[in-house]
Participant: 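Below you'll find the structure I mean.
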There are 2 protein chains.
Amino acid sequence: MNDTEARFRLSTSTSRPEPDSGAQPQKPLRADAARNRAKILDAAREVFSEYGRDAQMDEIARRAGVGVGTVYRNFPTKQSLAVAIVEQRFDAISDWVAREMLTDPDPWRALERSFQWCAEMQLRDRGYAEIVGTLAGAAPAQHLSGGPLGPSVEQVEGLLGLTAAWVERAKAAGVVRADLKASDMPPLYAALASIVQAGVLDWRRSVEIVLDGLRPRPAR
Amino acid sequence: MNDTEARFRLSTSTSRPEPDSGAQPQKPLRADAARNRAKILDAAREVFSEYGRDAQMDEIARRAGVGVGTVYRNFPTKQSLAVAIVEQRFDAISDWVAREMLTDPDPWRALERSFQWCAEMQLRDRGYAEIVGTLAGAAPAQHLSGGPLGPSVEQVEGLLGLTAAWVERAKAAGVVRADLKASDMPPLYAALASIVQAGVLDWRRSVEIVLDGLRPRPAR
DNA sequence: GTTCAAGCGGAACCGGAACTCCGTTTCCGG
DNA sequence: CCGGAAACGGAGTTCCGGTTCCGCTTGAAC
């Protein structure tokens with residue numbers, strides 16, 4: 001699973017690590033350096049998904065076939081590397097939602113599939129719950145602090161927008177409760193991810209209950 | 001908030017730290033030692049609830065007004081201290097369920113209150129989500145490994161029993177879906193705790209959705 | 001009051017993991 | 001093909017936090 005990364009945003013791309021925003025020309029990296037940067041990102045993705053925040057820099061360097069020094073030349077700190085990975089993951093989520101969830105002609109089925117996908121993601125990536133949790137916790141007006149890790153404000157708003165679009169479609173189709181709001185959804189995904197993370201084998205059962213909670217309220 | 005601990009199980013009580021199970025007589029601790037052990041447990045409770053697993057032994061010792069050495073004489077390892085605290089918390093949960101949830105004449109209201117309580121607990125104890133997650137993940141036949149931390153098998157089964165009792169009452173009263181099982185509940189509490197942990201301010205909204213999912217299914 | 005084992009404090013130890021430094025290697029413009 | 005700037009590697013440094021050790025203090029049995 002390599003080079004699935006061409007479509008990611010500049011800040012994590014195979015160009016020079018941004019010393020600061022604003023200076024755009026950025027002489028491109030030397031050929032080997034660019035290659036290494038890509039290898040590092042791939043390795044980091046792998047190691048973070050296996051060990052979550054306990055991933056070790058040495059291990060990442062080893063899997064990238066590179067010295068630690070090289071890792072640190074590209075990402076001055078473990079934190080910054082983690083952020084880059086989180087941003088990639090976040091974009092992957094947005095991609096999926098846009099591609100799979102918004103194009104499905106049946107919004108309810110799209111919802112079911114999205115929960116399924118969320119659970120699978122958590123199963124294969126130990127850091128997933130935290131990412132989704134970040135999104136859920138990034139409430140509307142909470143953009144001030146910009147917690148420890150976390151995707152950018154634009155990323156959060158983008159995904160929230162996609163979610164809102166789905167909610168509209170679903171409500172129009174009458175398949176969900178009439179009072180559903182876009183902001184209701186992220187916490188539910190975060191919840192599912194954490195359930196899977198906790199090792200609950202029968203997470204589908206929890207999904208079933210939540211889905212029932214999302215259905216249109218019966219006319220009184 | 002001191003000495004709320006008389007009712008906890010022996011292994012965390014103010015008696016000698018168990019060198020092994022089986023040797024029961026256990027000369028009682030010297031008076032000052034017993035006092036210190038209690039102070040340590042109180043401090044640990046406090047620090048763990050503030051910092052979760054990042055709690056530091058030195059800080060615990062400091063708040064207990066005791067040297068680190070004393071902490072280690074009572075709990076040979078940070079892990080063992082953490083386990084003691086987890087067991088206390090777990091018992092507190094069981095207590096609450098037995099006292100508040102099973103005695104409430106209205107099972108539905110008891111359910112609502114329990115979610116409320118769960119959220120409040122998470123708010124005041126950073127380690128709460130992990131405990132509830134452990135419970136949820138401790139599926140029926142999964143008692144083999146005995147993960148990293150975690151309450152004892154008997155504790156888990158005890159609480160599961162209480163939950164089952166509530167489910168029966170609620171079903172008898174016809175206030176919940178007919179197919180509800182005791183094992184459905186722990187994941188929902190774990191989910192709520194994690195939502196609150198993620199910093200979702202409007203967690204009541206998520207609760208509302210889940211509650212709707214728990215209501216009796218409308219006759220088709 | 002004396003004695004001494006139980007208990008205490010906290011400086012020192014130690015391992016692990018993030019990060020730095022610098023001698024060596026590699027790319028690439030001329 | 002050469003020179004030197006850019007990049008590399010990985011041993012070494014630093015920091016941090018759990019755990020140990022040992023000389024001192026104190027409770028309690030006589």
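The chains referred to below are lettered A, B, ... by the order of the sequence lines, with proteins before strands, and numbering in each begins at 1. Note that the structure is a prediction, hence the values are computed from the model and not measured.
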Participant: Can you give me the N/O atom pairs linking the protein to nucleotides 21-23 of chain C at distances under 3.5 Å, or say none if there are none?
Facilitator:
none

Participant: Decide yes or no for B:R37 and B:T70: does some side-chain heavy atom of the first lie under 4.5 Å from some side-chain heavy atom of the second?
Facilitator: no

Participant: To the nearest 10 degrees, what angle separates the axes at the start and end of the helix from C:dG1-D:dC30 to C:dG30-D:dC1, five pairs each?
Facilitator: 10°

Participant: From the set C:dG7, D:dA7, D:dT19, return the single nucleotide nearest to any side-chain atom of A:D32.
Facilitator: D:dA7

Participant: Does a side-chain N or O from A:T77 land closer than 4.0 Å to OP1 or OP2 of C:dC19, or not?
Facilitator: yes

Participant: In terms of side-chain heavy atoms of A:A33, which of D:dA7, D:dT19, C:dC8 is nearest?
Facilitator: D:dA7

Participant: Without decimals, in angstroms, what is the distance between B:N74 CG and C:dG9 P?
Facilitator: 11 Å

Participant: Heavy atoms under 4.0 Å, any strand shown: does A:A55 hit a base, just sugar-phosphate, or nothing?
Facilitator: sugar-phosphate

Participant: Quick check for you: among C:dC8, D:dC8, D:dG18, whose closest atom lies nearest to any side-chain atom of A:N36?
Facilitator: D:dC8

Participant: Specify the separation, in whole Å, of atom CZ of B:R62 and atom P of D:dG17.
Facilitator: 14 Å

Participant: Side-chain donor-acceptor pairs under 3.5 Å in residues 57-66 of chain A, sequence neighbours left out?
Facilitator:
residue	atom	partner	partner atom	Å
A:E59	OE1	A:R62	NE	3.3
A:E59	OE1	A:R62	NH2	3.3
A:E59	OE2	A:R62	NH2	3.1
A:E59	OE2	A:R63	NE	2.8
A:E59	OE2	A:R63	NH2	3.2
A:R63	NH1	A:E46	OE2	2.6
A:R63	NH1	A:E50	OE2	2.9
A:R63	NH2	A:E50	OE1	3.1
A:R63	NH2	A:E50	OE2	3.4

Participant: Mind checking ring-ring contact (aromatic ring centres under 6.0 Å, His included) for B:F48 and listing every partner two or more places apart, or none if nothing turns up?
Facilitator: none

Participant: Is B:D104 reaching over with its side chain to a backbone N or O of B:M101, donor-acceptor style, under 3.5 angstrom?
Facilitator: no

Participant: Between C:dA18, D:dG9, C:dG10, which one does the side chain of A:T70 approach most closely?
Facilitator: D:dG9

Participant: Between C1' on D:dG9 and CZ on A:R35, what's the gap in Å once rounded to a whole number?
Facilitator: 16 Å

Participant: A:L29 CG to D:dA7 C1': how many Å, rounded?
Facilitator: 10 Å

Participant: Return the value, rounded to whole Å, for the distance between atom OH of B:Y51 and atom P of D:dG17.
Facilitator: 11 Å

Participant: Taking atom types as they are modelled, would you say the side chain of A:R30 forms a donor-acceptor pair with the base of D:dA7 within the 3.5 Å cutoff?
Facilitator: no

Participant: Side chain of B:V68: nearest nucleotide among C:dT20, D:dG18, D:dT19?
Facilitator: D:dT19

Participant: Could A:E112 and A:R109 be called an ion pair, given the rule that one side-chain N must be under 4.0 Å from one carboxylate O?
Facilitator: no

Participant: Partners of A:Q56 by side chain to side chain donor-acceptor pair (under 3.5 Å), sequence neighbours excluded?
Facilitator: none

Participant: Just how far, in rounded Å, is C1' of C:dA11 from CG of B:D58?
Facilitator: 11 Å

Participant: Take the angle between the ring planes of A:Y189 and A:F115 and call it parallel below 30°, perpendicular above 60°, tilted in between.
Facilitator: tilted

Participant: What's the CE-P distance between A:M57 and D:dG9, to the nearest Å?
Facilitator: 14 Å

Participant: Say whether A:R204 and A:Q116, considering side chains only, have a donor N or O and an acceptor N or O under 3.5 Å apart.
Facilitator: yes

Participant: For the pair B:T77 (side chain) and B:S80 (backbone), establish whether a donor and an acceptor sit closer than 3.5 Å, ignoring hydrogens and angles.
Facilitator: no

Participant: Quick one: list whatever passes salt bridge (charged side-chain N to carboxylate O under 4.0 Å, His left out) with B:D32, sequence neighbours left out.
Facilitator: B:R30

Participant: For the pair made of CD in B:E59 and P in D:dC16, what is the distance, rounded to whole Å?
Facilitator: 15 Å

